[in-house]
Amino acid sequence: MKVIPNTSSTMLIIWTLLLLTGLISLGLARWSLAFVSLTTLSLALVPPLLAARWSLTLPLPFLLFTTLFCFASIFLGEAFDFYERLWWWDLALHGSSAVGFGLMGFLFAFMLFEGDRFAAPPSAIALISFCVAMTVGATWEIFEFTMDAGLGMNMQKSGLSDTMGDLILNAFGGLIASVTGYLYLRQSPAGLLGRGLSQFIKVNSRLYRKYKNRLK
């Protein structure tokens, strides 16, 4: 598995906590908590496993973000009801996830052109980034509806208002990601998010070999 050295102790602690919680819950016949714990752990391990499968190098901040997001959204949000305890919890997670998926969409689209920013206009790649964020957000809303209708859960909370609020946040998050990608391609630093893009592209430079000037 190709990961930047010095894996964060925070990640290891969270993974261990989720595993222990899942095993203890199984022993105590707490099926719901066991399911949530092990599902969260499985999703947190997906990025590094996919990276190994596709020979990608994932920067440590990326791995830490995905682990913390899975922990906050599924484990804390569902198992410990943070969505009800903190009114802003769902809003923060939807907004941050939209930004994250938008940036991933940008990196993937840019990868298809091997880092050649002249092969497609920055505006087109930015649009793809936005569309990726909205598609993932819409898919999640379908998942929430399916869980509520099929398993009697209450993931949608207030129904249509909750769904539309989440989609609006997805749009804002996707817009932030797409603007970041656009500015990055226009030779702008693009702030903290732009530096994250630069780090990923740099450690996977073989996939962006036509973008050599920005990789130095």
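All figures in this text were calculated on a predicted structure; none of them were measured in a lab. All values below come from the heavy atoms of this structure, side chains included, with hydrogens, waters and symmetry mates left out.
You'll find the side chain of S55 reaches within 4.5 Å of the side chain of R206, heavy atoms only. Contact check for S25 versus W31: no side-chain heavy atoms found under the 4.5 Å cut-off. Looking only at side-chain heavy atoms (C-beta outward), I14 and L68 come within less than 4.5 Å of each other. Looking only at side-chain heavy atoms (C-beta outward), E141 and M164 stay at 4.5 Å or farther from each other. Side chains of L23 and L19 form a contact here, defined as non-hydrogen atoms less than 4.5 Å apart. The closest side-chain heavy-atom distance from Y83 to S73 is below 4.5 Å.
For the atom pair CG (L76) and CZ (R85), the distance works out to 10.5 Å, reported to the nearest 0.5 Å. Atoms CG and CG, on L64 and L58 in that order, are 12.5 Å from each other to the nearest 0.5 Å. Remark: F71 CZ to S37 OG distance equals 9.0 Å, nearest 0.5 Å. In this structure, CD1 in I128 is found 7.5 Å from CG in L112, a value given to the nearest 0.5 Å. Rounding to the nearest 0.5 Å gives a distance of 11.0 Å between OG1 of T57 and CD of Q199. To the nearest 0.5 Å, atoms CG (L93) and CH2 (W140) are separated by 10.0 Å.
Between A34 and G22, the shortest heavy-atom distance links the atoms CB-O, 3.8 Å. The shortest heavy-atom contact between N170 and G137 is ND2-CA, 3.2 Å. Closest heavy-atom contact between G174 and A133: CA-CB, 3.7 Å. When all heavy atoms are compared, the tightest approach of M134 to L167 is CE-O, 4.0 Å. In terms of heavy atoms, A44 sits closest to P48 at O-CD, 3.7 Å.
Hydrophobic clustering of Ile, Leu, Val, Met, Phe, Trp and Tyr side chains at less than 4.5 Å, counting indirect connections, unites V46 with L18. Cluster membership check: L17 does not share its hydrophobic cluster with I24, using side-chain heavy-atom separations under 4.5 Å among Ile, Leu, Val, Met, Phe, Trp and Tyr. Cluster annotation: L192 and L185 are assigned to distinct hydrophobic clusters (Ile/Leu/Val/Met/Phe/Trp/Tyr, side-chain heavy-atom contacts under 4.5 Å, transitive). When hydrophobic clusters are built by joining Ile, Leu, Val, Met, Phe, Trp and Tyr residues whose side-chain heavy atoms come closer than 4.5 Å, directly or via intermediates, L33 is grouped together with L41. Put simply, L26 and L28 are part of two different groups of oily side chains (I, L, V, M, F, W, Y) that touch within less than 4.5 Å, one to the next.
Proximity of a side-chain donor or acceptor of T135 to a complementary backbone N or O of C131 within less than 3.5 Å is detected. Between the side chain of S129 and the main chain of S178, no donor-acceptor pair closer than 3.5 Å is present. Distance alone, capped at 3.5 Å, places no donor-acceptor pair between the Y182 side chain and the A124 backbone. Put simply, the side chain of W54 never gets that close to the backbone of L49: no donor and acceptor are under 3.5 Å apart.
Residues passing the ring-ring contact (aromatic ring centres under 6.0 Å, His included) test with F80, sequence neighbours excluded: F75. When the side-chain contact (heavy atoms from CB on, under 4.5 Å) test is applied to F101, the partners found at least two apart in sequence or on another chain are S97, M104, V136.
By the 30° and 60° cut-offs, the orientation of the rings of F65 relative to F69 is parallel. Between Y208 and F110, the two ring planes are tilted [angle within 30° to 60°]. Note on ring orientation: taking the six-membered ring where Trp is involved, the planes of F62 and F200 are tilted (angle from 30° to 60°).
In this structure, F35 places its CZ atom where only 12 or fewer heavy-atom neighbours from other residues, nucleotides or ligands lie under 6.0 Å away.
Residue I168 shares its hydrophobic cluster (ILVMFWY side chains chained together at separations under 4.5 Å) with F172.
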*Are T180 and V99 close enough, and set up right, to give a side-chain contact (heavy atoms from CB on, under 4.5 Å), and what steps lead you there?*
CA-CA 10 Å; T180 298; V99 174; over 6 Å; no
